[in-house]
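Just below is one structure, and these are the notes that go with it.
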Amino acid sequence: MPLLPELQKELPALLRSLHQSPTQPLLYSSIFRILTRTQNSLRRGQQLHALLLLHGVCLDPILSARLASMYASSGDLRSSSLLLLNHPDPSSLLFNSLIRGHSLRGIPTDVLSTFHAMLSRCHFPDHFTYPFVLKACADLPSPSTGTAVHSLCLRQGLELDCYVGSSLINMYAKCGDLRSAHRLFDVMPVRDSSSWNALIAGYMMVGAVKVAEHLFDEMPKRNVISWTAMISGYTQNGSADRALKVFDEMRKEGTEVNPNWVTVISVLPACAHSAALDQGESIHEYARSMGFDSHPIVQIALVGMYAKCGSLLKAHHCFDQIPEKNKSVVAWNTMITAYSSHGRGEEAVSSFEKMISSGIHPDAVSFTGLLSGCSHSGLVDQGLKYFDSMSSVYSVEPTHEHYACLVDLLGRAGQLEKAMKIINQMKIDPGPSIWGALLSACRIHRNLELAEIAAKRLFVLEPGNSGNYILLSNMYAEAKNWEKVKKLRSLLREKGMKKSPGCSWSEINGESYSFFTGDTSHQQAAEIYRLLKDLPEKMKIEGYAPDTSYVLHDVSEEEKECNLAAHSEKLAIAFGILNTIPGTTLRVTKNLRICGDCHTAAKFISKIYEREIIVRDVSRFHHFRDGVCSCRDYW
DNA sequence: TTAGGGTTAG
């Protein structure tokens, strides 16, 4: 088939010919084929459809299929469906056009109902039908429909067709049935890159990174999709470093394949995960140079990346660059969540209100962001009001996430009994996130009685989560109940669970440096520890008294103070002070929640060294400046 | 015609 620009060149001549012979079906057919692949052509298509009817041109199978494709590609699925419904004897071609149209719109049930209609009218699906039908099956929650379609392919002898086979491999891989996917892959006479790519993505999805890597190494010819599958696979499996490395490798000169916009949105979450702001900015620059930054999804990914890398200002700037018409509910949600995670509850609320005013309907994610924003900022009444409006005003039914936010909102504010009452009155079974929120709130407000109730549930619901045992054990330690601490710790050992070690990292000049608690392995360890040793004296002058309750072992107070000095977030902050220009902002990320003493210390450090320090912990951001934290100590 | 995808709580 000639390329689209060449085809489009033919369009004026075809339209002129049509003007002279308006009853010629072949002319219409050629024009519709071009319009199907041209943007904003619905109006012209409709005019030609009217002209065709006016001249009584017979809708032969090819012409009606092309007409349906034209409507479907313009998003007018209703007209395509009407063509099929009103046709006395629709051809397989017409069914295929409609199936393809529904597939483009991404609604699997519509694809499958058209497929069902096709079968019930005794039309045989072919190698043009199955790829779309199997794609729809792959998007369904259960693999049973896909298996049934597979048996149809087998009966028609189409299983090993290049397109059908690839689609079957993809369907099984997406459903997580890698055994069936790989079995088919092994028997395919010709394996095109899509079969390899589908298998790579499937193995990545189930976390079999090594197998995916092996396939990637083995495949004869990698294309942009193969590279992107590896990058997004690494990101999804928490290997952000490897995702960034593969992206760099791909961009190196000599690699024939270049990243496209999907590659960019696959690698940006890796920057976000590692809080690698410099690398994120460099990828943003690349996207700009390639013109990908005008893509709505890239724009959203950029907002998310900047927010998670600690630059709320740049996130907001990117959001402002998005044209109003492209500000989808996802774009707004990203901005609401950004404000919320940075402890800017008021801005999260005002973004939500702006979204409503602009005519965008909120979804479940909007409320998760909004409610967690209210919770982090202590906006209890507003949060309660929004929770109540969810189903009554916006028809969004609260899910576990929303209840968890609500319990968190009340719990943080000290209204533990009210939170407990809500849990007891919930319409759905409370899940681990809800009990987890209650347990955290109990820790803040030192309510051991309720904590024991929440923990008891969590031990059943999340038997493998060591965090819950640690939290309760820390609470017993605070209450100096060493007997119960011992009991819980030995229970942890029995189950073979370990406390995840505290780790903090900081990106300096594009390079990431990480520290574990008590880490002495770094080259500059001596300097770091010297700085930290001198710090308490400086801080005490400013009025600092270390809070030793955060070192939860049965040891002396002096020893506790010593342990606090070696917390990973303090090591990373000290390292940052030593290695960056005075006055610049320090950015530190921690894998757990920031410790209370480190939070106090960071406030003093920001004052003593006149630095803004931005700490991202596992649940939110803290901006320390001039002795104050943006969370106003509400966290 | 198939394959890679942005926002989510404690």
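Convention: sequence-line order gives letters A, B, ...; per-chain numbering from 1.
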**Fill in**
Whole-Å distance, Leu370(A) CG to dA9(B) C1', equals 13 Å

**Prompt:** How is Val407(A) classified with respect to the nucleic acid when contacts are heavy atoms under 4.0 Å: base, sugar-phosphate, or nothing?
**Reply:** nothing

**Request:** Any chance you could lay out the ring-ring contact (aromatic ring centres under 6.0 Å, His included) test for Trp332(A) and Phe352(A), step after step, and finish with the verdict?
**Result:** CA-CA 8 Å; Trp332(A) 283 104; Phe352(A) 178 83; 9.6 Å; no

**Prompt:** Are any of His400(A)'s side-chain N or O atoms less than 4.0 Å away from OP1 or OP2 of dG10(B)?
**Reply:** no

**Prompt:** When you look at Lys427(A) and Glu397(A), which way does the salt bridge (charged side-chain N to carboxylate O under 4.0 Å, His left out) test go after all the steps?
**Reply:** CA-CA 11 Å; Lys427(A) 286 181 204 155; Glu397(A) 286 309 315; 5.1 Å; no

**Prompt:** Across the strands shown, which category fits Pro296(A) at heavy-atom distances under 4.0 angstrom: base, sugar-phosphate, nothing?
**Reply:** nothing

**Request:** Using the six-membered ring of Phe319(A), assess whether NZ or CZ of Lys327(A) lies under 6.0 Å from its centre and within 45 degrees of the ring axis.
**Result:** yes

**Fill in**
Taken to the nearest whole Å, CD1/Ile322(A) to C1'/dG6(B) is 10 Å

**Request:** Identify whether any heavy atom of Ser226(A) sits under 4.0 Å from a base atom; if not, whether one sits that close to sugar-phosphate; answer base, sugar-phosphate or nothing.
**Result:** nothing

**Request:** For Pro108(A), enumerate each residue passing the side chain to side chain contact (heavy atoms under 4.5 Å, CB included) test, keeping only those at least two apart in sequence or located in another chain.
**Result:** Ala136(A), Asp139(A), Leu140(A)

**Atom-to-atom span, CG of Leu406(A) to P of dA9(B) - whole angstrom** = 16 Å

**Item:** Residue-level proximity of residues 330-342 of chain A to DNA chain B when a heavy atom falls under 4.0 Å
**Value:** Val330(A), Asn333(A), Thr334(A), Thr337(A)

**Prompt:** Any idea which of dT1(B), dG10(B), dA9(B) is nearest the Asn468(A) side chain?
**Reply:** dG10(B)

**Prompt:** Are Lys135(A) and dA3(B) close enough that a side-chain N or O sits under 4.0 Å from OP1 or OP2?
**Reply:** yes

**Request:** Measure the distance from CG on Asp126(A) to C1' on dT1(B) and round it to the nearest whole Å.
**Result:** 10 Å

**Request:** Looking at every strand, decide which applies to Asn260(A) at a 4.0 Å heavy-atom threshold: base, sugar-phosphate, or nothing.
**Result:** base

**Request:** Determine, answering yes or no, if Tyr163(A) is stacked on dT2(B) under the 5.5 Å centre rule and the 30° plane rule.
**Result:** no

**Request:** Look at the side chain of Ala198(A) and decide which nucleotide, out of dA3(B), dG10(B), dG4(B), has an atom nearest to it.
**Result:** dA3(B)

**Asked** Taking only N and O in the side chain of Lys174(A), is any of them less than 4.0 Å away from OP1 or OP2 of dG5(B)?
**Response** no

**Prompt:** Under 4.0 Å: is that the gap between some side-chain N or O of Ser232(A) and OP1 or OP2 of dG5(B)?
**Reply:** yes

**Prompt:** Within 45° of the six-membered ring axis of Phe185(A) and under 6.0 Å from that ring's centre, is NZ or CZ of Arg191(A) located there?
**Reply:** yes

**Request:** Select base, sugar-phosphate, or nothing to describe what Trp261(A) touches, counting heavy atoms under 4.0 Å on all strands.
**Result:** base

**Request:** Taking only the side-chain heavy atoms of Lys308(A) (C-beta and beyond), determine which of dT7(B), dG4(B), dG6(B) contains the nearest atom.
**Result:** dT7(B)

**Message:** Starting the side chain at C-beta, find the nucleotide from dG6(B), dG10(B), dA9(B) nearest to Glu401(A).
**Reply:** dA9(B)

**Request:** Round to the nearest Å and state the distance from Phe132(A) atom CZ to dT1(B) atom P.
**Result:** 7 Å

**Asked** When all nucleic acid strands are considered with a 4.0 Å heavy-atom cut-off, which category describes Thr129(A): base, sugar-phosphate, or nothing?
**Response** nothing

**Prompt:** When you measure from the side chain of Ile225(A), which nucleotide among dG4(B), dG10(B), dG6(B) comes out closest?
**Reply:** dG4(B)

**Prompt:** Using 30° and 60° as the class limits, which term best fits the ring planes of Phe95(A) and His123(A): parallel, tilted or perpendicular?
**Reply:** tilted

**Asked** So, is Arg412(A) near the phosphate of dG10(B), with a side-chain N or O under 4.0 Å from OP1 or OP2?
**Response** yes

**Prompt:** So, Thr263(A) and Thr228(A): side-chain donor and acceptor under 3.5 Å apart, yes or no?
**Reply:** yes

**Message:** Whether Gln236(A) contacts dG4(B) is assessed here as follows: a side-chain N or O lying under 4.0 Å from the phosphate OP1 or OP2. Is that the case?
**Reply:** no

**Prompt:** Taking atom types as modelled, is there a side-chain donor on Tyr172(A) or His150(A) under 3.5 Å from an acceptor on the other?
**Reply:** yes

**Request:** Name the nucleic acid region contacted by Ser167(A), choosing base, sugar-phosphate or nothing; use a 4.0 angstrom heavy-atom cut-off, strictly under.
**Result:** sugar-phosphate

**Message:** Once you apply a heavy-atom cut-off of 4.0 Å, does His127(A) come out as touching a base, just sugar-phosphate, or nothing?
**Reply:** base

**Request:** Return the value, rounded to whole Å, for the distance between atom CZ of Phe185(A) and atom C1' of dA3(B).
**Result:** 12 Å

**Message:** Tell me whether the side-chain N or O atoms of Asn223(A) pair up with the base of dG4(B) as donor and acceptor below 3.5 Å, since no angle test is needed here.
**Reply:** no

**Request:** For Trp196(A) and dA3(B), give me the distance from atom CH2 to atom C1', rounded to whole Å.
**Result:** 14 Å

**Request:** Can you tell me the distance, in whole Å, between the CG atom of Leu158(A) and the P atom of dT2(B)?
**Result:** 16 Å

**Residues which pass side chain to side chain contact (heavy atoms under 4.5 Å, CB included) with Pro432(A), listed by chain and number, not counting sequence neighbours** = Leu458(A), Leu461(A), Glu462(A)

